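In this text, all values refer to a predicted model and were calculated from it rather than measured experimentally.
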Amino acid sequence: MLREILENVKRTSPLVHNITNYVTVNDCANILIACGGSPIMADDIDEVEDITRICGGLNINIGTLNQRTIPAMLAAGKRANQLSHPIVLDPVGAGASALRTKTAMELIEHIEFTVIRGNASEIKTLALGQGTTRGVDADLSDSITKDSLEQAISFAKDFSRKTGSIIAITGAIDLVAYNEKAYCIYNGHPMMRSITGTGCQLSALIAAFITANPDKLLEATVAAICAMGFCGEKAYKRLKGEDGNASYRNYIIDAIYNLDGDELERGARYEMY
């Protein structure tokens, strides 16, 4: 399953429109190129609908939210819905401020998202209208563990049915749910938390995978998360000497660039519920 999905990304080179944050915009562009996709970053209200029209998918990230980009996000999302393009929402920091929570809720109200990906606290905030997000990180009390896994799966399925979106909750254990189906993914390495923006990169990666696999949206989301986590494991093994988090970031992008379908099939660790 994963092999074909990755090969479709490399074969079709999907053009992905990103309205993302300025902290990680370069990393998002590079991870898209590394996986075989093609990025374009555009957030001016006067061009977002034109850019959306020429792209195959849209990635909206509220990491550095401001009043200038909110109308652009809404316009691009509505245009993408009209064109039946897949859309990813990354509600970075939802729950950390009233503006972020209000905007994320407004986006969900007016745009039909294919995938909503965030950490446990961000997704909890969207589902319940309030949360305890620590800056852009999840509150430890919201983390998904083996003990809380069954409850988390039920929560994600319920929120998927409510929104009509694939719900991806990422952390030490990643959870992807759509209606009655759910996948738990066990790839990844703790050092990925030492890099700003692995979550932002993952959202961009998901956008490429679902754009290239419109008939397998749930499985494509799982494949993208497995790929990111597996490449995080590979990158950690490559570290040596005085390598630090900057080298680790580059090694992850290198690993995505060199990943092929057979290696992803062998390295992915997931279960379906």
Side-chain angles (χ1 to χ4, degrees), residues 9 12-118 122 125-126 133 135-136 163 165-166 168 195-212 214 224 249 253:
V9 177
T12 62
S13 189
L15 180 60
V16 177
H17 178 192
N18 296 269
I19 302 178
T20 187
N21 75 72
Y22 51 70
V23 175
T24 61
V25 61
N26 183 258
D27 291 328
C28 290
N30 278 313
I31 205 84
L32 281 167
I33 294 170
C35 78
S38 182
I40 184 166
M41 278 55 184
D43 61 13
D44 192 287
I45 187 65
D46 287 338
E47 73 164 350
V48 289
E49 292 191 46
D50 289 340
I51 297 300
T52 290
R53 180 178 54 79
I54 65 171
C55 292
L58 172 64
N59 173 38
I60 294 177
N61 177 311
I62 69 168
T64 50
L65 192 64
N66 61 73
Q67 296 295 343
R68 184 181 65 83
T69 53
I70 292 171
M73 292 174 179
L74 287 165
K78 291 176 181 178
R79 184 63 175 142
N81 277 164
Q82 291 171 354
L83 296 166
S84 299
H85 289 175
I87 316 173
V88 176
L89 172 64
D90 189 336
V92 181
S97 75
L99 177 64
R100 286 171 189 261
T101 303
K102 174 177 175 290
T103 302
M105 302 296 280
E106 185 180 6
L107 291 169
I108 290 175
E109 180 181 354
H110 293 286
I111 299 169
E112 295 177 13
F113 287 98
T114 313
V115 178
I116 301 173
R117 188 217 66 83
E122 291 162 350
T125 295
L126 299 186
T133 305
V136 297
T163 58
S165 304
I166 296 166
I195 304 171
T196 298
T198 50
C200 301
Q201 292 176 57
L202 175 56
S203 292
L205 204 64
I206 291 171
F209 275 54
I210 61 176
T211 300
R249 177 194 60 194
I253 295 173

Work out which heavy atom in [X] is nearest to a heavy atom in [Y]; give both atom names and the distance.
X    : Y    : value
A168 : V115 : CB-CG1, 4.4 Å
N21  : V23  : OD1-N, 2.9 Å
L126 : A94  : CD2-CB, 4.2 Å
T211 : G57  : OG1-CA, 3.4 Å
G63  : V92  : CA-CB, 3.6 Å
I111 : I87  : CG2-CD1, 3.7 Å

Hey, does the side chain of [X] reach the backbone of [Y] with a donor-acceptor pair shorter than 3.5 angstrom?
X    : Y    : value
N61  : N59  : no
T114 : V88  : no
S165 : F113 : yes
T52  : V48  : yes
E49  : A76  : no
H85  : C55  : yes
T69  : D43  : no
N81  : E112 : yes

Distance check, rounded to the nearest 0.5 Å: [X] atom [atom1] versus [Y] atom [atom2]?
X    : Y    : atom1 : atom2 : answer
L83  : I54  : CG    : CD1   : 11.5 Å
L107 : I60  : CG    : CD1   : 6.0 Å
T198 : R249 : OG1   : CZ    : 12.0 Å
E109 : K102 : CD    : NZ    : 10.0 Å

Using a 3.5 Å cut-off and no angle test, enumerate the donor-acceptor pairs between side-chain atoms of residues 200-210 and protein atoms at least two apart in sequence or in another chain.
unit_1	atom_1	unit_2	atom_2	d
S203	OG	D90	OD2	2.8
S203	OG	R117	NE	2.7
S203	OG	G199	O	3.4

### Task
Return the set of residues passing side chain to side chain contact (heavy atoms under 4.5 Å, CB included) with E47 (not counting sequence neighbours), or none when no residue passes.
A42, D44, I51

### Query
For Q67, which residues count as a side chain to side chain contact (heavy atoms under 4.5 Å, CB included) partner, sequence neighbours excluded?
I70, L99

### Message
If you define the side chain from C-beta out and look only at heavy atoms, does anything of M73 sit under 4.5 Å from I62?
### Response
yes

### Query
Are V16 and L58 side-chain neighbours, meaning at least one heavy-atom pair lies under 4.5 Å?
no

### Task
Only counting residues at least two apart or in another chain, list the ones meeting side-chain hydrogen bond (donor to acceptor under 3.5 Å, both in side chains) with R79.
Q82

### Query
Can you list the residues that meet the side-chain hydrogen bond (donor to acceptor under 3.5 Å, both in side chains) rule with D27, with sequence neighbours excluded?
none

Show every donor-acceptor pair shorter than 3.5 Å between a side-chain atom in residues 28-40 and any protein atom, with sequence neighbours excluded, or say none if there are none.
unit_1	atom_1	unit_2	atom_2	d
N30	ND2	N26	O	3.2
N30	ND2	N26	OD1	3.1

